[in-house]
4 protein chains.
Amino acid sequence: MSAPRIAPIDDIRPSRLVRPSSQKKLDRLLSKAAALIAKNGFNAMTMRELSTALGMSLAGLYHYFASKEDLLFQLQYRTFAALLEQQEKIAEQPGTPEERLERLLTGHLQFYSRHTNELKVCTFELESLGPKPYKLAEEIRRRYYRLMASVVAQVIDGPAAGARETRQSRHASLYIFGMLNWIFMWYDPARHGSVEQIGREMRDMLLHGLKGTKRSG
Amino acid sequence: MSAPRIAPIDDIRPSRLVRPSSQKKLDRLLSKAAALIAKNGFNAMTMRELSTALGMSLAGLYHYFASKEDLLFQLQYRTFAALLEQQEKIAEQPGTPEERLERLLTGHLQFYSRHTNELKVCTFELESLGPKPYKLAEEIRRRYYRLMASVVAQVIDGPAAGARETRQSRHASLYIFGMLNWIFMWYDPARHGSVEQIGREMRDMLLHGLKGTKRSG
Amino acid sequence: MSAPRIAPIDDIRPSRLVRPSSQKKLDRLLSKAAALIAKNGFNAMTMRELSTALGMSLAGLYHYFASKEDLLFQLQYRTFAALLEQQEKIAEQPGTPEERLERLLTGHLQFYSRHTNELKVCTFELESLGPKPYKLAEEIRRRYYRLMASVVAQVIDGPAAGARETRQSRHASLYIFGMLNWIFMWYDPARHGSVEQIGREMRDMLLHGLKGTKRSG
Amino acid sequence: MSAPRIAPIDDIRPSRLVRPSSQKKLDRLLSKAAALIAKNGFNAMTMRELSTALGMSLAGLYHYFASKEDLLFQLQYRTFAALLEQQEKIAEQPGTPEERLERLLTGHLQFYSRHTNELKVCTFELESLGPKPYKLAEEIRRRYYRLMASVVAQVIDGPAAGARETRQSRHASLYIFGMLNWIFMWYDPARHGSVEQIGREMRDMLLHGLKGTKRSG
DNA sequence: GATGAATGAGCTTTCATTCAT
DNA sequence: TATGAATGAAAGCTCATTCAT
């Protein structure tokens, strides 16, 4: 069940090679961009604004990104790829389906709490991509979705049933992604507790229903 | 437990009265605007584009909306108010907490299926509002959230416990709204069945956990 | 030396007769318009703004004025005509040239203090008129200028010299109009005293030079 | 009696440094803008019109001016500052109060004849500025006014009286500025002679009264 | 007379992007 | 690599004016 390699970024930016020496600077640029996009949306972020926030010239940005959309794509692709890689490793660890589900939930939430801006951009600005980069990003997303669905299927039908998805498991996975992604709209660690706690709550609700959430209070 | 009346729109635009005769036209404008915003986002929709789609002049739009943002606000406010009104009526009907929860789920999804564009705009363009209209829209949202949380609380702790919210019920409500709102990202009636079916699935999962979803297959 | 009648307004607005019954309303409109134009300039005043300030509909204004420029013209023409008529009467009164000069100065300043807004519009928005109304307004102005120049000539060269203008009298008249019209830029009755006092000061300075102004202190 | 330095422009636009290399270009832009504004007023001048007249793109203008109003402010501030600097130098030269007054009159008129457009903009478009730049421009104006008033005071009360302003000297200065500034409305070198001649005429009228103007004919 | 609705033309400003240096 | 200067395209919005009622 080893995953195929993810298509390289340069598929979409064949014109420019980013050498290791500038990797660190590139990361800084993307991080700042993520913060600005997360705050007001991709459209609202302007290249000028970004250049000012970075203390560099507007034209200078175009040494790192072929276009504003390329910037968005790089941001999304890298983030998604990192999330998927993490979750695939987590899913490979042995354990009951229930244990693995909890690990996926918590892993997702932890990734969220460490890369809030980046994940927010991935979650809400997918449609801002053009058709080609969209397809590339979509592909990773789909793999992540299948990963979740296969674990959910084992929870529902038992590990003996293999990882065959069913209508139930597919729908449930969509509900679960809704729960997970909606967290951007409300989560505040000071008010709601740690993401690990949230992960346990979700697990209880998913495994035992609403009444089961009383146990984890 | 009768709800206080919703603050009238004119709180924010006291200068303009929309008379009954133009109500119909206003509805048409808002409906088309909702479609365009839902498609590409509020920022991407241009007033010119809207005017063309409506077959009227650009300047003519400004007879109905003080600004582009005012348009967004009117759209959100009306839609939210209609949704809230519907759901409050539904919640008032007698029945066990479980029955009332299912009715709320289904009611939300039905509203979604009848006003997909409008609800999408409400769900994803809230942050495009300025501070003052944001607060007004937020207020309705909060009331809807409380309505859901009170029913969820009764499901968890039993009807005898009253509608007192707890940490569990509040968090669970947030998870539920995530499930409900995420539907914009994937739902296709042809592939996923009717919204009533989805509503039953969600109910089963919420009441009995993932394994409980097998029953409604 | 009786002055020829002033060309009737209808030369420029042949399309519409203003009947006596609406005369009063027309005056109100022009007065409000004068106030708004005086405040921010003709260009900055909008017909909407005016209609709002008057509590009437935008379209309604066009029953009284063929266009925005027509409004300006009517305002200027009426005001100038009234000023000229007053000053011609004043100049006809008997007296030494010096006395008649003082009367003209004071008359001008009194007219200013009674019709500040209107006169300001006449003084600073002449160029906002199109060529045809400009010429009509210019004509009255020129008559007023000649009236002043003839009196100034008598002051300089003695009443025996008749009213023949000279280079001196013409230039001096221009300087005097400068003094008079610049008053819009600074005059405040609370700080500078009555216009009659100002008139005496100007007379002293004009007749006796700067050192002569000490007498009227 | 050395004057304090004039507040630098950057007080209001600290973000943009105009380097010496672009100074020449900036001057060209402002000069053309002055011509267009002088012709039809600030409101009537459009940025498009200016860009066309300069043979550059509309957007390019915004490299030099943060906004249309900023353009007006820069124009006014620079012109006023230059006028004030010149007149302060002139006033410092030794001589009787009468000689110094004449030098100020002639200096003002010469500045006018060399920078007609710019000075016209300063004189008639002050109110087109917003409150903050207005205050800055007002400040320079006031200093110029005081300079004139102090010399006028010495003419009236003799040099021994120092430069203490009196009601007479203050008012007389306002009349003088009226005479000087009104020149925009009528002066034509071909018809009225050189500005130096006008300056002498004004001096004679101011020192000896209307009858004294015969001497300079 | 009066007005709500509508519009063509035009305004200031912003944006992503390019290019000579 | 880096940047100041420049620009085509387009955006939101306003204005004087018209016209059916």
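Every chain is numbered from 1 and lettered A, B, ... according to where its sequence line falls, protein lines coming before strand lines.
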> I need the CG-C1' distance between A/Leu26 and F/dT1, as an integer number of Å.
14 Å
> May I ask you to decide if B/Asp27's main-chain N or O and B/Arg78's side chain share a donor-acceptor pair within less than 3.5 Å?
no
> From CZ of C/Phe65 over to P of E/dG1, roughly how many Å is that when rounded to an integer?
13 Å
> What does the 5'-to-3' dot-bracket notation of DNA chain F look like when only Watson-Crick and G-U wobble pairs under 3.5 Å count, and pairs to other strands show as |?
.||||||||||||||||||||
> Does the side chain to side chain contact (heavy atoms under 4.5 Å, CB included) test come out yes or no for A/Val121 and A/Phe42, once each step is laid out?
CA-CA 8 Å; A/Val121 173; A/Phe42 177 68; over 6 Å; no
> Go through the structure and list residues passing salt bridge (Lys or Arg N to Asp or Glu O under 4.0 Å) with D/Glu49, not counting sequence neighbours.
none
> Starting at the 5' end of DNA chain F, which residue's closest nucleotide do you reach first, B/Ala44 or C/Ala44?
B/Ala44
> Sort me out a list of protein N/O and nucleotides 6-8 of chain F N/O pairs below 3.5 Å, or just none if empty.
residue	atom	partner	partner atom	Å
F/dA6	OP1	D/Lys25	NZ	2.8
F/dA6	OP2	D/Tyr64	OH	2.7
F/dA6	N7	D/His63	NE2	2.3
F/dT7	OP2	D/Ser57	N	3.0
F/dT7	OP2	D/Ser57	OG	2.9
F/dT7	O5'	D/Ser57	OG	3.4

> Think A/Lys68 forms a cation-pi with A/Tyr62, using NZ or CZ under 6.0 Å from the six-ring centre and within 45 degrees of its axis?
no
> Rounding to a whole Å, what distance do you find between B/Tyr62:OH and E/dG10:C1'?
14 Å
> Whole angstroms only, please: what is the NZ-P distance between A/Lys24 and F/dT1?
15 Å
> Rounded off to whole Å, could you give me the CE-to-C1' distance for the A/Met47 and E/dC15 pair?
11 Å
> Provide, to the nearest angstrom, the distance between the CG atom belonging to A/Leu72 and the C1' atom belonging to E/dC15.
17 Å
> Looking only at heavy atoms, which two atoms of C/Glu69 and C/Leu129 are closest? And how far apart?
OE2-C, 4.0 Å
> Would you say the side-chain atoms of B/Thr79 and B/Gln76 include a donor-acceptor pair closer than 3.5 Å?
no
> Starting at CE of D/Met45 and ending at C1' of E/dG10, how long is that distance when rounded to a whole Å?
15 Å
> Examine distances only and state if a side-chain atom of C/Arg28 and a backbone atom of C/Leu54 form a donor-acceptor pair shorter than 3.5 Å.
yes
> Between D/Phe42 and A/Phe42, which has a closest nucleotide on DNA chain E that is more 5'?
D/Phe42
> Any sub-3.5 Å donor-acceptor pair from B/Thr123's side-chain atoms to B/Leu119's backbone N or O?
yes
> Please report, rounded to the nearest Å, how far the C1' atom of F/dA2 is from the CG atom of A/Leu54.
14 Å
> Would A/Lys132 count as a cation-pi partner of A/Phe73, with NZ or CZ less than 6.0 Å from the six-membered ring centre and within 45° of the ring normal?
no
